[in-house]
Asks: 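Please read through the structure below; I'll follow up with questions.
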Amino acid sequence: MELVIDIGNSSAKLAVFDKNEIVDIFYDSNRDISQLDNLCKKYKITKGIISSVVKISDTINRQINSLPFKVLILSHSTSIPIINDYKSPQTLGMDRIAAVIGAEEIKPERDLLIIDAGTCITYDFIDSNGHYKGGNISPGVEMRFKALKHYTDKLPYIDKDGKTLLIGEDTETAIRSGVTLGVEHEIVGYISLMRNKYPQLLVFLTGGNDFSFDTKLKSIIFVDKFLVLKGLNRIIHYNEEL
């Protein structure tokens, strides 16, 4: 079995794989993986991988180093099963490349747009020849709510859960609708632009946020919240075969 650790800006996700199947998933702090010992006692894990978009804490480093099996630390120099054409691979978020690799395994030899709606919203593109071309980054939903509060004197912080209207009827619905509908239109806009250039484009949506889409787009969108974890697991097996 394999242990996959994805450390994000807000939390850490741990997944246990049996070959290509997810057996179990845990959520923990991105500063101290307190569940690691119990997890390793529960499952017979023989190898692992860790990816992080933040500096790995000293605590987590000690926890990883104490494991009885080898853990691959994903970096820009790690061998991967796609061709990376990004101009600055050393600055590329490991979660972004992992999500692309996960999507490419599910739909190989296709033009793919991978949208990860988490703390930030990332848009990444890999062509049908297996070349990762890059992508874009914009503020995530929660970041937009917090920015409106932070950069104004009178606008309040609004939770994303609640009434969303086409036209806001008060400040609360104006902010919630402006942010959530704005993000949805942004995503649809990116998909439409990419489809104009790549008519056979398929789209993968991952991350922690859910959105609604026009029925014309639903047929090309695949929702998979565990795309990054699946990509990381694929990287483990790819490096074993080298």
Asks: In Å and rounded to the nearest 0.5 Å, what is the CZ to CD1 distance from F26 to I33?
Replies: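 With rounding to 0.5 Å, CZ (F26) is 12.0 Å from CD1 (I33).
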Asks: Please lay out, stage by stage, how I97 and I80 fare under the test side chain to side chain contact (heavy atoms under 4.5 Å, CB included).
Replies: CA-CA 9 Å; I97 200 68; I80 56 176; 4.0 Å; yes
Asks: Compare every heavy atom of G207 with every heavy atom of D116, then report the nearest pair and how far apart it is.
Replies: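 Between these two residues, the closest heavy atoms are OD1-CA, 3.4 Å.
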Asks: Indicate yes or no: at least one non-hydrogen side-chain atom of N30 is less than 4.5 angstrom from one of N9.
Replies: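 Contact flag for N30/N9 side chains = no.
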Asks: Which is it for V4 and F17 under the side chain to side chain contact (heavy atoms under 4.5 Å, CB included) test, yes or no, and what are the steps along the way?
Replies: CA-CA 8 Å; V4 171; F17 280 80; 3.7 Å; yes
Asks: Is there side-chain contact between D18 and Y43, with at least one heavy-atom pair below 4.5 Å?
Replies: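 When only atoms from C-beta onward are counted, Y43 and D18 do not touch, as no gap falls below 4.5 Å.
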Asks: List the steps and the verdict of salt bridge (charged side-chain N to carboxylate O under 4.0 Å, His left out) for D24 and K42.
Replies: CA-CA 11 Å; D24 212 341; K42 184 177 180 181; 3.4 Å; yes
Asks: Under 3.5 Å, is there a donor-acceptor pair between the N129 and E109 side chains?
Replies: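 There is no such pair (donor and acceptor under 3.5 Å, judged by atom type) between the side chains of N129 and E109.
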Asks: Verify the distance criterion only: is there a donor paired with an acceptor across the side chains of Y132 and D124 at less than 3.5 Å?
Replies: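 Per modelled atom types, Y132 and D124 side chains form a pair under 3.5 Å.
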Asks: Just by distance, with hydrogens left out, do T59 and S57 show a side-chain donor and acceptor under 3.5 Å apart?
Replies: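 No - no donor-acceptor pair under 3.5 Å links their side chains.
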Asks: Answer with yes or no whether the side chains of Y190 and R195 bring together a donor and an acceptor at under 3.5 Å.
Replies: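 Not at all, the side chains of R195 and Y190 share no donor-acceptor pair under 3.5 Å.
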Asks: Can you measure from CG (N196) to CD1 (I191) and round to the nearest 0.5 angstrom?
Replies: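 N196 atom CG to I191 atom CD1 measures 12.0 Å (nearest 0.5 Å).
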Asks: Please check if the side chain of R96 supplies one atom and the backbone of T122 the other of a donor-acceptor pair under 3.5 Å.
Replies: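 No; zero donor-acceptor contacts below 3.5 Å.
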Asks: Do K70 and E240 sit within salt-bridge range, that is, some charged N less than 4.0 Å from a carboxylate O?
Replies: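 Result for this pair is no, no salt bridge flagged.
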Asks: Given I50 and I60, is the side chain to side chain contact (heavy atoms under 4.5 Å, CB included) satisfied, shown in steps?
Replies: CA-CA 10 Å; I50 183 169; I60 291 179; 4.1 Å; yes
Asks: List the atom of Q35, the atom of Y27, and the distance in Å for their closest heavy-atom pair.
Replies: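 Where Q35 meets Y27 most closely, the heavy atoms are NE2-O, 2.7 Å.
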Asks: Is there a donor-acceptor contact under 3.5 Å from the side chain of S177 to the main chain of L165?
Replies: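 Yes; at least one donor-acceptor contact below 3.5 Å.
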Asks: Please give me the minimum heavy-atom distance between L67 and C40, naming the atom from each residue.
Replies: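 Looks like CD2-SG, 3.6 Å.
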Asks: How long is the gap from CG on L3 to CG on L72, to the nearest 0.5 Å?
Replies: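 It is 12.0 Å, given to the nearest 0.5 Å.
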Asks: Hey, mind stepping through K107 and L112 against side chain to side chain contact (heavy atoms under 4.5 Å, CB included) and telling me if it holds?
Replies: CA-CA 8 Å; K107 293 291 182 180; L112 303 176; 4.0 Å; yes
Asks: Looking only at heavy atoms, which two atoms of M94 and S51 are closest? And how far apart?
Replies: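 In this case the closest contact between M94 and S51 is CB-OG, 3.1 Å.
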Asks: Are the side chains of I175 and P156 in contact, using a 4.5 Å heavy-atom criterion?
Replies: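 Counting from C-beta outward, P156 and I175 do come under 4.5 Å.
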Asks: Going by heavy atoms in the side chains, are L92 and N84 under 4.5 Å from each other?
Replies: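 Of all side-chain heavy-atom pairs linking N84 with L92, at least one is under 4.5 Å.
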Asks: Counting only heavy atoms not in Q90, do more than 12 fall under 6.0 Å of its CD?
Replies: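 Yes, CD of Q90 has more than 12 neighbouring heavy atoms, counting only those of other groups under 6.0 Å.
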Asks: Do R31 and S11 have side-chain N/O donor and acceptor atoms under 3.5 Å apart?
Replies: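 Judged by distance alone, the side chains do not pair up.
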Asks: Are L113 and F204 close enough that some pair of their side-chain heavy atoms sits under 4.5 Å apart?
Replies: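 Side-chain contact under 4.5 Å: no.
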Asks: Enter the distance from I221:CD1 to I115:CD1 here, rounded to the nearest 0.5 Å.
Replies: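 Between atom CD1 of I221 and atom CD1 of I115 there are 6.5 Å.
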Asks: I'd like to know if the side chain of D111 reaches the main chain of D127, judged simply by a donor and an acceptor atom lying under 3.5 Å from each other, with no hydrogens or angles considered.
Replies: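 Here the side-chain-to-backbone pair does not exist.
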Asks: In terms of the angle between their ring planes, are Y157 and F145 parallel, tilted or perpendicular, with boundaries placed at 30° and 60°?
Replies: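 Rings of Y157 and F145: perpendicular, as their planes differ by over 60°.
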Asks: Going by an N to O cut-off under 4.0 Å, is there a salt bridge joining D224 and K230?
Replies: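 Looking at K230 together with D224, the answer is yes, because their closest N to O distance falls below 4.0 Å.
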Asks: Could you tell me which non-hydrogen atom of I114 sits nearest to which non-hydrogen atom of A103, and how far apart they are?
Replies: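 That would be CG1-CB, 3.6 Å.
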Asks: Would you mind reporting whether E105 and Y238 have side-chain heavy atoms less than 4.5 Å apart?
Replies: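 Side-chain contact under 4.5 Å: no.
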Asks: Going from CD1 on I49 to NE2 on H237, what distance comes out if it is rounded to the nearest 0.5 angstrom?
Replies: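 Between I49 CD1 and H237 NE2, I get 10.0 Å after rounding to 0.5 Å.
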Asks: Any sub-3.5 Å donor-acceptor pair from N38's side-chain atoms to K41's backbone N or O?
Replies: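 Checked: no pair found.
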Asks: Of all the heavy-atom pairs spanning D85 and K133, show the shortest one and how long it is.
Replies: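 It is OD2-NZ, 3.0 Å.
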Asks: Got a sec: does the CG of L181 have more than 12 other heavy atoms crowding it under 6.0 Å?
Replies: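 Yes, CG of L181 has more than 12 neighbouring heavy atoms, counting only those of other groups under 6.0 Å.
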Asks: Apply side chain to side chain donor-acceptor pair (under 3.5 Å) to the pair Q63 and D32, showing each step before the final yes or no.
Replies: CA-CA 8 Å; Q63 291 169 323; D32 180 359; 2.7 Å; yes
Asks: Just so I know, are the side chains of Y123 and S138 near enough to count as touching, which here means a heavy-atom distance under 4.5 Å?
Replies: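 Result yes, sub-4.5 Å side-chain heavy-atom pair found.
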Asks: Tell me if a side-chain donor or acceptor on N233 pairs with a main-chain N or O of K19 at a distance below 3.5 Å.
Replies: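 Judged by distance alone, yes, a pair lies under 3.5 Å.
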Asks: Got a sec, which pairs hit salt bridge (Lys or Arg N to Asp or Glu O under 4.0 Å) with one end in residues 165-179, sequence neighbours left out?
Replies: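 Passing the test, one end in residues 165-179: K163-E169, E172-R176.
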Asks: Where do R144 and E186 land on the salt bridge (charged side-chain N to carboxylate O under 4.0 Å, His left out) test, with the steps shown first?
Replies: CA-CA 13 Å; R144 298 182 196 211; E186 174 184 303; 2.9 Å; yes
Asks: What is the distance from atom CD1 of I126 to atom CD1 of I83, rounded to the nearest 0.5 Å?
Replies: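 Rounded to the nearest 0.5 Å, the CD1-CD1 separation comes out at 8.5 Å.
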Asks: Does L14 reach the side chain of I25, with side-chain heavy atoms less than 4.5 Å apart?
Replies: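 A side-chain contact is absent here, since even the closest heavy-atom pair is not under 4.5 Å.
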